Student: 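Take a look at this one; I'll ask things after.
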Amino acid sequence: MASFAPPNAMFARLMPPIGTAPADPDTREALGLFATHVADRAVLLTDPDGAILFCNDGTERLFGYDPQQLVGCDIADLMPGNARQARRDRHQAIEAATVRFETRCLHVGRGPFDADVTITPIPGNDGRLRAFGYSIFDISDRKAAERRLAESEAHMRSVLATVPDAMVVIDDRGRIQSFSAAAERLFGYREAEVVGSNVAVLMPLDHRARHNAYISRYLRTGEQRIIGSGRIVVARRKDGSEFPMELSVGEARSGSGRIFTGFIRDLSDQQRAEMRVRELQDELIHVSRLSAMGTMASTLAHELNQPLTAIAAYLEAARRLVSQSAHDGTRVGEAMDAAGREALRAGQIVRRLRTFVARGENERRVEPLAPLIEDASRLALTGARELGVRAFIRLDPAADEVFADRVQVQQVLVNLIRNALDAMNGAEVTDLTITTRRDGDSIRISVIDTGSGLSSDRIPRLFEAFATTKPDGLGLGLSISRTIVEAHGGRIWAEAGVVSGSIFHFTLPAARSGSLS
């Protein structure tokens, strides 16, 4: 509330001669009437030296003195300041026609309080200074509120200075209103450099126009895209470098309009850590493939030995036929053709093996499912015929393509098939079946065996790392298979067979027209 500045004419008309108190009834009545209009503050008249000539009832409420006791006292006694300061205040009032300031005043019983003081010089008819009018208003409540607000702001700033997430406040025109200490560290700008600027300065060039359009659309339609939720976006530092960040935006309304507060978390370290985890997972997956090939080394050697032995035999037969003087050209040609077929067979085995164990780059693409399963089963079923295993593949025509990394999916299949072969070792019936089925936007692949089966208490722990039922197993095959499948957005699980054995299922995203479904 603004303090009251007494009109010069009013004080001049009511003023008694210098050095006397207003004693006549008309003057006292007029001053009393005047005081009723300013009962919320103290109104005092002093002579040019500061001696009090008159004060209203509000003076008693503010200072605790009977107004009659104050007549003749120095007004400086009501303020903890000294007489020299009081003289300076009056001198400034003379020069400026009025002066207003805040100071500390003194209540006789309650002690100091904050006050708003206005001093007005009162000239006489001859233009000479006759007195000063004082209007004093208690502003203790307002000053206390200001101090609490300042303390609250200081506390809030200290909190924001230590919060790891950056905070940026903008108005409904996209102009930056506040820029936290964490934001300064993150973006490289000082707060003074960006306050008042459009928040687009923190965005890559190709994002700026879209952001301004988003604010306009939101104010026009109320459609929320970021407000109230978080999303991953790209930001731009002062030096021009870009980085990923998680942005959450809140909205509030103030007297001047809407404000939006953005909380920003730098994801650079997190993404680097996630990339490192993926690299380690890829390394583990690769080592797992090498380990699988190590356990299959003897059967692979046997499988390769067959076509190589046949090649040697056919070539020897052809050599003998050629050495005969009257050789049969037809029989030589047949031997050479047979040797060529066996060479191709050996080459296919080597190719599948080399592709399987190669490090390579992980790349997901649309893959035909039938050849993928055929290659994996041929590799995994190496040596299975000698064990009497019958293999069946039943493919759903509607489940023809998946979006996946070919080698990693083959790794899952090889692991499941080799586990099925181990489970059927010694079983009376050794049938292995691989089936596919369209399941909504996914394709389910199942590996079914007629082996010893799974107990219900083992199934929940099958896919945990180091959980194994094999005497010489590490317990990583199924765990790695789960990692691969879940990374593809699918799931893997096991269940007991209908009659005997077990069934392992896993799903992969189906491909539609060369794109993700």
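Bear in mind the structure is a predicted one, so any value in this text is a computation, not a measurement.
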Student: Search all heavy atoms of Ile119 against all heavy atoms of Phe132 and return the closest pair with its distance.
Tutor: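 Result for this residue pair: CG2-CD2, 3.7 Å.
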Student: Is the shortest side-chain heavy-atom distance between Thr59 and Leu44 below 4.5 Å?
Tutor: yes
Student: Grab the two heavy atoms, one from Met167 and one from Thr261, that are nearest each other, plus how far apart they are.
Tutor: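 Scanning both residues, the minimum pair turns out to be CG-CG2, 3.5 Å.
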Student: Can you find a heavy atom in the side chain of Phe506 that is under 4.5 Å from one in the side chain of Trp493?
Tutor: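 No - every pair of side-chain heavy atoms lies 4.5 Å or more apart.
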Student: Going by an N to O cut-off under 4.0 Å, is there a salt bridge joining Asp405 and Arg364?
Tutor: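 Result for this pair is no, no salt bridge flagged.
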Student: Salt-bridge test for Asp114 and Arg104: reply yes if a basic N is under 4.0 Å from a carboxylate O, no otherwise.
Tutor: yes
Student: Where do His488 and Ile484 land on the side-chain contact (heavy atoms from CB on, under 4.5 Å) test, with the steps shown first?
Tutor: CA-CA 6 Å; His488 280 75; Ile484 293 172; 3.9 Å; yes
Student: Using only atom types and a distance under 3.5 Å, with no angle test, would you say the side chain of Arg90 pairs donor to acceptor with the backbone of Asp49?
Tutor: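 Side chain of Arg90 to backbone of Asp49: a pair is present.
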Student: Check step by step if salt bridge (charged side-chain N to carboxylate O under 4.0 Å, His left out) holds for Glu151 and Arg147.
Tutor: CA-CA 6 Å; Glu151 291 171 358; Arg147 283 193 290 271; over 6 Å; no
Student: Is it true that Lys143 and Glu102 have a side-chain N and a carboxylate O under 4.0 angstrom from each other?
Tutor: yes
Student: Using a 3.5 Å distance criterion without hydrogens, assess whether the side chain of Glu193 forms a donor-acceptor pair with backbone atoms of Arg190.
Tutor: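 Present.
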Student: Using a 3.5 Å distance criterion without hydrogens, assess whether the side chain of Thr507 forms a donor-acceptor pair with backbone atoms of Gly490.
Tutor: no
Student: Under 4.5 Å between any side-chain heavy atoms of Ile176 and Val168, yes or no?
Tutor: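 Side-chain contact under 4.5 Å: yes.
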Student: To the nearest 0.5 Å, tell me how far Ser481 OG sits from Gln408 CD.
Tutor: 10.5 Å
Student: Any side-chain to backbone donor/acceptor pair from Asp74 onto Asp77? Under 3.5 Å, distance only.
Tutor: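 Looks like no, no N/O pair under 3.5 Å.
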Student: Using modelled atom types only, decide if a donor and an acceptor are shared between the side chain of Gln92 and the backbone of Asp89 within a distance under 3.5 Å.
Tutor: no
Student: side-chain contact (heavy atoms from CB on, under 4.5 Å) for Tyr189 and Leu202? Distances and angles first, verdict last.
Tutor: CA-CA 10 Å; Tyr189 290 101; Leu202 307 179; 3.9 Å; yes
Student: For the pair Ser442 (side chain) and Arg438 (backbone), establish whether a donor and an acceptor sit closer than 3.5 Å, ignoring hydrogens and angles.
Tutor: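 Not confirmed, Ser442 side chain does not pair with Arg438 backbone.
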Student: Assess the residue pair Asp116 and Arg100 against the criterion (side-chain contact (heavy atoms from CB on, under 4.5 Å)); give the C-alpha distance rounded to whole Å, side-chain angles, the decisive distance to 0.1 Å, and a yes or no.
Tutor: CA-CA 7 Å; Asp116 183 304; Arg100 180 180 176 181; 2.9 Å; yes
Student: Give a yes or no on whether the backbone of Ile232 and the side-chain of Glu246 come within a donor-acceptor separation of less than 3.5 Å.
Tutor: no
Student: Is the number of heavy atoms from other residues, nucleotides or ligands under 6.0 Å of Asp141 CG greater than 12?
Tutor: no
Student: Using modelled atom types and a 3.5 Å cut-off, is there a donor and acceptor pairing between side-chain atoms of Glu184 and backbone atoms of Glu191?
Tutor: yes
Student: Using a 4.5 Å cut-off on heavy atoms from C-beta on, say whether the side chain of Cys105 contacts that of Pro112.
Tutor: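 SC-SC contact between Pro112 and Cys105 ruled out.
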Student: When you compare the side chain of Asp138 with that of His107, does any pair of heavy atoms fall below 4.5 Å?
Tutor: no
Student: Let's go through Ile136 and Met79 carefully: what are the C-alpha distance in whole Å and the side-chain angles of both, what is the deciding distance for side-chain contact (heavy atoms from CB on, under 4.5 Å) to 0.1 Å, and is it a yes or a no?
Tutor: CA-CA 11 Å; Ile136 304 175; Met79 306 177 196; 4.1 Å; yes
Student: So, does Asp396 use its side chain to make a donor-acceptor pair with the main chain of Thr436 at under 3.5 Å?
Tutor: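 No, the answer is negative, given that no donor and acceptor are paired below the 3.5 Å cut-off.
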Student: Does the side chain of Thr118 reach to within under 4.5 Å of the side chain of Phe101, using non-hydrogen atoms?
Tutor: no
Student: Check Ala97 against Thr120 and note the closest heavy-atom contact, atom names and distance.
Tutor: O-CG2, 4.0 Å
Student: What's the shortest heavy-atom distance between Ala42 and Phe63, and which atoms?
Tutor: CB-CE1, 4.0 Å
Student: Find out whether Asp400 and Leu369 are in side-chain contact, i.e. whether some heavy atom of one side chain is under 4.5 Å from a heavy atom of the other.
Tutor: no
Student: To check you understand the geometry: which heavy-atom pair defines the closest contact between Phe463 and Ala494, and what is its length?
Tutor: CE1-N, 4.1 Å
Student: Tell me the closest heavy-atom pair linking Ala404 and Leu508, and the distance in Å.
Tutor: CB-CD1, 4.5 Å
Student: If you round to the nearest 0.5 Å, how far is CG of Leu416 from NE2 of His505?
Tutor: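 Going from NE2 on His505 over to CG on Leu416, the span is 11.0 Å.
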Student: Among Val108, Leu70, Leu106, whose side-chain contact (heavy atoms from CB on, under 4.5 Å) with Leu78 holds?
Tutor: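 Exactly one pass, corresponding to Leu70.
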Student: To the nearest 0.5 Å, how far apart are OG in Ser268 and CE in Met245?
Tutor: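 The CE atom of Met245 is 11.0 Å from OG of Ser268, to the nearest 0.5 Å.
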Student: From Asp47 CG over to Leu129 CG, what is the distance, rounded to the nearest 0.5 angstrom?
Tutor: 9.0 Å
Student: May I ask you to check whether Phe243 and Phe187 place their ring centres under 6.0 Å from each other?
Tutor: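 Yes, ring centres under 6.0 Å apart.
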Student: At what distance, to the nearest 0.5 angstrom, does CZ of Arg173 lie from CG of Asn198?
Tutor: 9.5 Å
Student: Within this structure, what is the CG-CZ distance for the pair Leu53 and Arg130, rounded to the nearest 0.5 Å?
Tutor: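 Nearest 0.5 Å value for the CG-CZ distance: 10.0 Å.
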Student: So, do Leu478 and Arg482 sit near enough that their side-chain heavy atoms are less than 4.5 Å apart?
Tutor: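 No - every pair of side-chain heavy atoms lies 4.5 Å or more apart.
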Student: Taking Glu367 first and then Arg406, would you say they form a salt bridge - that is, a charged N and a carboxylate O separated by under 4.0 Å?
Tutor: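 Yes, Glu367 and Arg406 are salt-bridged.
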Student: Between Asp266 and Arg237, does at least one N-O distance fall below 4.0 Å, as a salt bridge requires?
Tutor: yes
Student: Using atom types as modelled and distance alone, determine if a side-chain donor or acceptor of Asp439 lies under 3.5 Å from a backbone N or O of Ile443.
Tutor: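 No, Asp439 side chain to Ile443 backbone: no donor-acceptor pair under 3.5 Å.
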